[in-house]
Amino acid sequence: GAVSTSRAFVLAVLVATFLCWRYYVNPLLLLASLALLSLLINPLLFWQAGWQLSFSGAAGILLWRPLWQHLSRDLRFYFRYPVQLFLVTFAAMLATLPLVLFNFHLFAPVGVVANLICVPIVTLLALPIGFSGLLFYPLFPQLAGLLFQLCGFILDLSLIHI
């Protein structure tokens, strides 16, 4: 029921639908339309930090996308994805920083470092391993269990040590 989860799900469904119809929609316009629609349904969402951070982080990623795609275009494949992941995380943090300061009156530099380290670890390792476990579960439940344990170990390691 979190705002960010709902936003991500609705955007994913809309993007998939538009791709199936081969209909191009500007991603920033789609995000702004979804923000407006959510405020029409519940105007008080505007004052929730979760709503503000979710939409500003997504908007920051979309606004900075041309720059980080340009910066990483000449890199080899095995460097391009981690660099883009780092730049996407950085763009979301830059976009949400003013709202974090406004809502929480606090800037934690260690949070920046932790996000820049943990987001790539979770995205590159934990999520693919966890999704593999879901795929293998119906046919090989023992293998799926091992994959889930490995995913949990990686998440535990990133939460405890970083």
Side-chain angles (χ1 to χ4, degrees), residues 1-20 22-131 151 154-162:
V3 175
S4 60
T5 307
S6 301
R7 177 204 40 84
F9 177 75
V10 171
L11 279 177
V13 168
L14 289 173
V15 167
T17 303
F18 289 138
L19 283 174
C20 286
R22 293 189 174 109
Y23 184 76
Y24 175 77
V25 176
N26 182 332
L28 202 53
L29 185 62
L30 186 61
L31 181 69
S33 300
L34 185 59
L36 178 63
L37 181 63
S38 69
L39 289 176
L40 288 174
I41 293 170
N42 184 0
L44 294 178
L45 282 175
F46 183 77
W47 302 108
Q48 289 186 1
W51 185 90
Q52 295 171 2
L53 295 172
S54 176
F55 280 95
S56 67
I61 291 169
L62 292 174
L63 288 171
W64 285 79
R65 181 180 55 156
L67 177 66
W68 53 259
Q69 284 182 335
H70 175 72
L71 289 174
S72 61
R73 120 184 120 195
D74 295 332
L75 296 174
R76 297 207 185 272
F77 170 75
Y78 43 86
F79 287 126
R80 186 179 314 133
Y81 186 71
V83 167
Q84 284 182 346
L85 195 55
F86 173 83
L87 292 172
V88 166
T89 303
F90 190 71
M93 287 188 319
L94 270 178
T96 57
L97 182 61
L99 289 168
V100 168
L101 292 173
F102 175 76
N103 284 300
F104 305 111
H105 313 289
L106 177 68
F107 173 68
V110 74
V112 174
V113 174
N115 269 347
L116 290 174
I117 294 170
C118 289
V119 169
I121 288 173
V122 170
T123 305
L124 292 172
L125 294 175
L127 279 175
I129 291 170
F131 284 140
C151 179
I154 291 168
L155 291 173
D156 204 32
L157 192 67
S158 68
L159 290 174
I160 292 173
H161 295 291
I162 295 177

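In this text the structure is predicted, and so the values were computed from the model without any measurement.
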Considering only distance and modelled atom types, tabulate donor-acceptor pairs under 3.5 Å from the side chains of residues 57-65, sequence neighbours left out.
none

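- The shortest heavy-atom contact between Ser4 and Ser54 is CA-OG, 3.3 Å.
- When all heavy atoms of Ile154 and Ala126 are compared, the closest pair comes out as CG2-CB, 4.1 Å.
- In this view, Tyr23 and Phe18 satisfy the ring pair (Phe, Tyr, Trp, His ring centres under 6.0 Å) rule, not counting sequence neighbours.
- Between Leu101 and Leu106, the closest heavy-atom pair is CD2-O, 3.6 Å.
- In this structure, CG in Leu155 is found 9.5 Å from SG in Cys118, a value given to the nearest 0.5 Å.
- Closest approach of Pro27 and Tyr24 over heavy atoms only: CD-OH, 3.8 Å.
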Name each donor-acceptor pair under 3.5 Å that joins a side chain in residues 31-48 to protein atoms two or more places apart or in another chain, with its distance.
unit_1, atom_1, unit_2, atom_2, d
Ser33, OG, Leu29, O, 2.8
Ser38, OG, Leu34, O, 3.4
Ser38, OG, Ala35, O, 2.8
Ser38, OG, Trp51, NE1, 3.0
Asn42, OD1, Leu44, N, 3.3

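- Nearest approach of Asn103 to Gln52, heavy atoms of both residues: ND2-OE1, 2.8 Å.
- Rounded to the nearest 0.5 Å, atoms CZ (Phe86) and CD1 (Ile117) are 9.5 Å apart.
- Remark: Phe9 CZ to Leu14 CG distance equals 9.5 Å, nearest 0.5 Å.
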